Peer 1: 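I have a structure here, written as structure tokens, and I will follow up with some questions on it.
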Amino acid sequence: DAGVTQSPTHLIKTRGQQVTLRCSPKSGHDTVSWYQQALGQGPQFIFQYYEEEERQRGNFPDRFSGHQFPNYSSELNVNALLLGDSALYLCASSLWKGATNEKLFFGSGTQLSVL
Amino acid sequence: AQSVTQPDIHITVSEGASLELRCNYSYGATPYLFWYVQSPGQGLQLLLKYFSGDTLVQGIKGFEAEFKRSQSSFNLRKPSVHWSDAAEYFCAVGYQKVTFGTGTKLQVIP
């Protein structure tokens with residue numbers, strides 16, 4: 001049973017570029033959440049997708065956008081990259097239960113470096 | 001707004017000693033509380049969670065946590081630490097949006 005898989009594992013971009021990160025949820029899960037974890041910090045909630053719609057959003061600018069596909073996989077897009085976007089981006093999957101997050105399963109993340 | 005405070009950035013304990021990691025939260029209603037562990041270069045793994053009921057919850061790897069509403073705390077404990085417990089521990093609160101603390105890095109010395 002595959003867990004949450006994220007690709008790529010590492011990525012280097014330059015300021016102003018755009019990036020797309022991908023996530024496949026754990027088998028049987030239908031909800032995907034994205035988190036940004038800066039060095040030395042806890043993960044910060046970016047947004048959550050269920051039924052191909054953004055259900056919740058954290059305090060992130062519109063440069064951060066996402067998508068969920070019919071097979072429940074998800075993408076995180078970041079436009080106009082800034083140096084401060086350098087971080088570990090974590091995807092977490094769960095099973096939608098009346099809009100609760102009873103248990104999040106995390107992937108190992110994508111380490112994004114912006115130069 | 002919901003928030004989590006983990007006052008200890010770094011803790012060092014001897015192998016076999018007991019452990020307590022502190023967590024204080026702010027949440028408007030009955031909180032959903034979690035403890036996660038993160039090993040270097042890895043994602044987070046859920047240790048335990050509290051939604052309701054018994055305020056002492058048991059988790060994996062011998063960890064437990066106690067919810068104290070009067071103190072807005074959800075401290076994590078383990079009676080005897082193993083070297084493999086060295087990692088970073090995150091307390092979190094939330095319903096749909098989960099808010100994490102800044103983490104406590106645990107070092108275990110022989």
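In what follows, chains are A, B, ... by sequence order, proteins preceding strands, each numbered from 1. Note that the structure is predicted; figures quoted are calculated from it, not measured.
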Peer 1: Locate the shortest heavy-atom distance separating B:V98 from A:Y35; write the atom from each residue and the value.
Peer 2: CB-OH, 3.4 Å
Peer 1: Could you state whether A:L39 and A:F106 fall into the same hydrophobic cluster, counting links through intermediate Ile, Leu, Val, Met, Phe, Trp or Tyr residues with side-chain heavy atoms under 4.5 angstrom apart?
Peer 2: no
Peer 1: Quick one: are A:L104 and B:F34 in side-chain contact, heavy atoms under 4.5 Å?
Peer 2: no
Peer 1: Cluster question for you: counting only ILVMFWY and a side-chain heavy-atom cut-off of under 4.5 Å, with indirect links fine, are A:Y50 and A:F60 together?
Peer 2: no
Peer 1: May I ask you to name which of A:S108, A:G58, A:G107 has the most heavy-atom pairs under 4.5 Å with chain B?
Peer 2: A:S108
Peer 1: State yes or no: do B:L33 and A:F105 share one hydrophobic cluster built from I, L, V, M, F, W and Y residues joined by side-chain heavy-atom distances below 4.5 Å, directly or via other members?
Peer 2: no
Peer 1: Determine whether more than 12 heavy atoms belonging to other residues, nucleotides or ligands lie under 6.0 Å from atom CZ of A:R15.
Peer 2: no
Peer 1: A quick test of your reading: do over 12 heavy atoms of other residues, nucleotides or ligands sit less than 6.0 Å from CD1 of B:I9?
Peer 2: no
Peer 1: Among A:Q41, A:R57, A:Q37, which residue forms the greatest number of heavy-atom pairs with chain B at distances under 4.5 Å?
Peer 2: A:Q37
Peer 1: Using modelled atom types only, decide if a donor and an acceptor are shared between the side chain of A:K103 and the backbone of B:L46 within a distance under 3.5 Å.
Peer 2: no
Peer 1: If I compare all heavy atoms of B:F90 with all of A:G42, which pair ends up nearest, and what's the gap?
Peer 2: CE2-CA, 3.4 Å
Peer 1: State yes or no: do B:Y50 and B:Y89 share one hydrophobic cluster built from I, L, V, M, F, W and Y residues joined by side-chain heavy-atom distances below 4.5 Å, directly or via other members?
Peer 2: yes
Peer 1: Let me check something: do B:V4 and A:L90 share a hydrophobic cluster, defined by ILVMFWY side-chain heavy atoms less than 4.5 Å apart, either directly or through other members?
Peer 2: yes
Peer 1: Tell me, side chain or backbone of B:Q38 under 4.5 Å from chain A's heavy atoms, or both, or neither?
Peer 2: side chain
Peer 1: Please confirm whether B:F100 and A:F45 have ring centers closer than 6.0 angstrom.
Peer 2: no
Peer 1: Check each atom of A:Q44 against the heavy atoms of chain B and say whether the ones under 4.5 Å are side chain, backbone, both or neither.
Peer 2: neither
